[in-house]
Amino acid sequence: MRRVRYESRGGPLFVEEAPLPEPGPGELLVRAEAIGVTLPAVRKVTEAAEPGPLGGEIAGEVTAVGEGVTRFGTGDRVTGLCLGHGYADFAVLHEAMASPVPGDASAVDAVALVRSGLVALGALEAARPQPGEAALVTAAASGVGHLAVQLARTRGAGRVVGAVSDPAKAEFVRGLGADHVITYGDDSWGTPVDYALDAVGGELLAPALAALAPEGRLVAYSSGGGTIQAYDLLVGAKSVIGFQMARIARGRPELYEQWRAELWRLFAAGELRPVVHGRFALEDAAKAHGEIEGRSNLGKVVLIP
């Protein structure tokens, strides 16, 4: 089978032939039909001290199961987070990380919806939104952000503001349901909001915090880091909440499953529409990463083996 690998920080990415993996206890072997490209995977290549497997979201058909697997069998369509080599024709999923793909959904729908949607929905839940409140979503055109904009609307947001890196993305974000779109460099981010979902971090934390109304909540779920002055919180009685999807997956599997079911329900009802920006072959994985690095994507970037 083919898989994508790299040997040093920064790449390059290349395709190699590799043995077909065998599922261990509690694992599924999946023939990948779609693979989601994420910012953490891109940063792993550009920033990690040592090269490692490129994991991520995959969707496809189960071709073999390991000992002890009870929820799935060969021929089932599944999606989930692969912690090993995910950029490949075949990948291994742990049963606990897998979920079924409904018959009316494609593999591309699954990788565009589930993992990114879980992060978006989890961040939104962490913000404790109330009907009628105003919401701000940074990286609003990204794989996670474009779903967060829609989810905020389904949860009754009275006003949704999308923040983007480029004004050219404004029309796309408005089409998702945002009332207003601002760019990161704007002098003013408009009327204050009640909560913000921040996927960027770094230098954007300060303006995102400033955009909050008194007693506003900022949910930080970016791997980009950044610092906040305590005084900036005290002045407006504001709060910052950290959110990490992995903690939910490991510690609260019942909530993880509940959120997955909610995403598919909204998808089936037409209330949540995942958008795919581009579909790339495994051989073009570097180009796919370039779309993420260049902040040019409108929606999800997907590899098709």
Side-chain angles (χ1 to χ4, degrees), residues 4 23 27-41 54-65 69 71-122 142-151 154 176 245-246 248-249 253 255-282 285 288 291-292 297-305:
V4 177
E27 294 180 337
L28 316 172
L29 180 63
V30 178
R31 179 178 58 81
E33 297 172 7
I35 303 158
V37 179
T38 64
L39 181 58
L54 287 171
E57 312 136 331
I58 69 166
E61 181 182 341
V62 177
T63 60
V65 299
V69 170
R71 294 172 53 223
F72 301 100
T74 57
D76 288 345
R77 301 172 67 235
V78 299
T79 186
L81 180 64
C82 172
L83 302 178
H85 287 282
Y87 285 26
D89 290 320
F90 291 82
V92 172
L93 279 182
H94 196 281
E95 183 180 23
M97 302 299 292
S99 62
V101 177
D104 57 347
S106 70
V108 171
D109 288 332
V111 295
L113 175 72
V114 176
R115 184 66 183 178
S116 294
L118 284 169
V119 174
L121 182 55
S142 68
V144 174
H146 88 285
L147 296 174
V149 169
Q150 298 175 67
L151 287 166
T154 67
L176 300 170
M245 194 67 238
I248 301 297
L255 182 58
Y256 192 79
E257 186 58 43
Q258 177 186 322
W259 287 349
R260 283 195 295 206
E262 175 68 2
L263 292 172
W264 283 121
R265 185 192 69 78
L266 292 170
F267 174 80
E271 297 181 51
L272 189 58
R273 177 173 55 92
V275 178
V276 175
H277 169 78
R279 307 179 188 209
F280 297 84
L282 284 181
E291 293 291 297
I292 302 291
N297 60 302
L298 302 175
K300 191 71 174 179
V301 176
V302 177
L303 297 177
I304 306 292

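By the 4.5 Å heavy-atom criterion applied to side chains, V37 and F280 are not counted as neighbours. Residues T154 and L272 have side chains not in contact (no heavy-atom distance under 4.5 Å, counting atoms from C-beta outward). For the pair P100 and F72, the minimum side-chain heavy-atom distance is below 4.5 Å. Put simply, the side chain of R260 reaches to within 4.5 Å of the side chain of V114, judged on heavy atoms. For the pair S99/T79, a side-chain contact is recorded, criterion being any heavy-atom separation below 4.5 Å from C-beta on. For the pair E61/E33, a side-chain contact is recorded, criterion being any heavy-atom separation below 4.5 Å from C-beta on. Under the 4.5 Å side-chain criterion, counting only non-hydrogen atoms from C-beta, V144 is in contact with S116. Counting heavy atoms from C-beta outward, V275 and L298 have side chains that stay 4.5 Å or more apart.
Between atom CD1 of residue I58 and atom CE of residue M97 there is a gap of 11.0 Å, rounded to the nearest 0.5 Å. Remark: I35 CD1 to L282 CG distance equals 5.0 Å, nearest 0.5 Å. A distance of 11.0 Å separates CG in L147 from CZ in F267, rounded to the nearest 0.5 Å. Annotation: the span from L28 atom CG to D76 atom CG amounts to 8.5 Å, rounded to 0.5 Å.
In terms of heavy-atom proximity, A59 sits nearest to A107 at CB-O, 3.6 Å. When all heavy atoms of P305 and A32 are compared, the pair lying nearest together is CG-O, 3.5 Å. Contact record, Y256 with I248: N-CG2, 4.1 Å, taken as the closest heavy-atom pair. For the pair V276 and A112, the tightest heavy-atom approach, listed with the atom from each and the gap, is CG2-CB, 4.1 Å. The shortest heavy-atom contact between Y87 and G55 is CE1-O, 3.9 Å. Shortest non-hydrogen contact noted between L81 and E57 is CD1-N, 4.1 Å.
In terms of modelled atom types and a separation under 3.5 Å, the side chain of R31 and the main chain of T63 share no donor-acceptor contact. Proximity of a side-chain donor or acceptor of R273 to a complementary backbone N or O of Q150 within less than 3.5 Å is not detected. Without hydrogens or angle criteria, R115 side chain to G36 main chain gives no donor-acceptor distance under 3.5 Å.
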Begin from the C-alpha positions of L266 and L151 and carry the test side chain to side chain contact (heavy atoms under 4.5 Å, CB included) through to its verdict. CA-CA 9 Å; L266 292 170; L151 287 166; 3.6 Å; yes

Dump the intermediate steps for side chain to side chain contact (heavy atoms under 4.5 Å, CB included) on L83 and H94, then the final yes or no. CA-CA 9 Å; L83 302 178; H94 196 281; over 6 Å; no

Would I304 and V108 count as a side chain to side chain contact (heavy atoms under 4.5 Å, CB included) here? Give the steps. CA-CA 9 Å; I304 306 292; V108 171; 3.8 Å; yes

Worked verdict on H146 versus H277 for side chain to side chain contact (heavy atoms under 4.5 Å, CB included): CA-CA 11 Å; H146 88 285; H277 169 78; over 6 Å; no

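A side-chain contact (heavy atoms from CB on, under 4.5 Å) with V62 holds for exactly one of L93, V69, V78, L29; it is V78.
The 12-atom threshold is exceeded at CZ of R71, counting heavy atoms of other residues, nucleotides or ligands nearer than 6.0 Å.
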